[in-house]
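Have a look at the structure below before the remarks.
Just so you know, ligand 1 is whichever comes first in the structure, and atom 1 is the first atom listed for that ligand. Reckoned from all heavy atoms, side chains included, excluding hydrogens, waters and symmetry mates. Position 1 is the first residue of the sequence; numbering continues from there.
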Amino acid sequence: MNINLVTSNQGKVEELTAILRPFGHTVSQLPVKCPEIQAMTLEEVVDFGLTWLHGQKTPAPLIIDDAGVFVEKLQGFPGVYSRYVHDTIGPQGLLRQLEHIEDRQASFKCVLGLLLEDGTTHKFVGECKGRIIHEMRGDGGFGYDPIFIPDGFDRTFAELPPEEKNEISHRGRAMQNLLAFISEKGL
Ligand code: IMP
């Protein structure tokens, strides 16, 4: 089926398209500016977005994606504020916050929201655990990819080929759950 992707983030478009393509699904990017509420969880942001998009009669099926990086020693910061932190102090600024912190455990989380033509909404979650390194490494990916090494790897997300990131990433895992759901529904 053709799925509308509501995002202005080109990195997400590339990743989601590459994950969906082998399953015969096509993706169109919708240039709709979905308002983002200030919330404590990614799930709340996605719920609000789906309700808003449904209210606007945005063509379905559509997907929205909210993601963030959660640093354990910072009590999950930047988490749901990842975009704001990225656009203000950037990944380098986050590295400065962690300068004297030895325990660098962190995880990426992604919540995908799906709105179907019948008006029902569904959420799919994916997580990828790893650690924040001390410097930026790699040219691939986007956002915080150059400072994050997933567990079991010695390269950052930005150093991994896209297929490898998609296989283990928070977004890849959330999408596997979404794909299982739509195939079960025969969509
Ligand atoms: P949002 O989901 O668009 O609100 O993204 C939150 C922030 O996290 C943005 O700065 C993104 O660039 C960043 N981000 C989202 N997904 C990823 C990812 O897969 N890798 C690295 N950074 C990401």
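T7 and N9 share no donor-acceptor pair across their side chains, judged by distance under 3.5 Å alone.
Sorted by first then second residue, the ring-ring contact (aromatic ring centres under 6.0 Å, His included) pairs that include residues 67-106, not counting sequence neighbours, are H86-Y144. Applying the ring-ring contact (aromatic ring centres under 6.0 Å, His included) test to pairs two or more places apart or on separate chains, none has a residue in residues 15-53.
Hydrophobic clustering places V71 together with V85 (ILVMFWY residues linked when any side-chain heavy atoms are closer than 4.5 Å, directly or through intermediates).
Judged as a side-chain hydrogen bond (donor to acceptor under 3.5 Å, both in side chains), and not counting sequence neighbours, the contacts of K109 are E43.
Here the side chains of M136 and Q92 are in contact, with some heavy-atom distance below 4.5 Å.
Residues lining ligand 1 at a heavy-atom distance below 4.0 Å are given as K12, E36, D65, D66, A67, S82, R83, H86, F108, F142, G143, Y144, D145, K165, H170, R171, ordered by chain and residue number.
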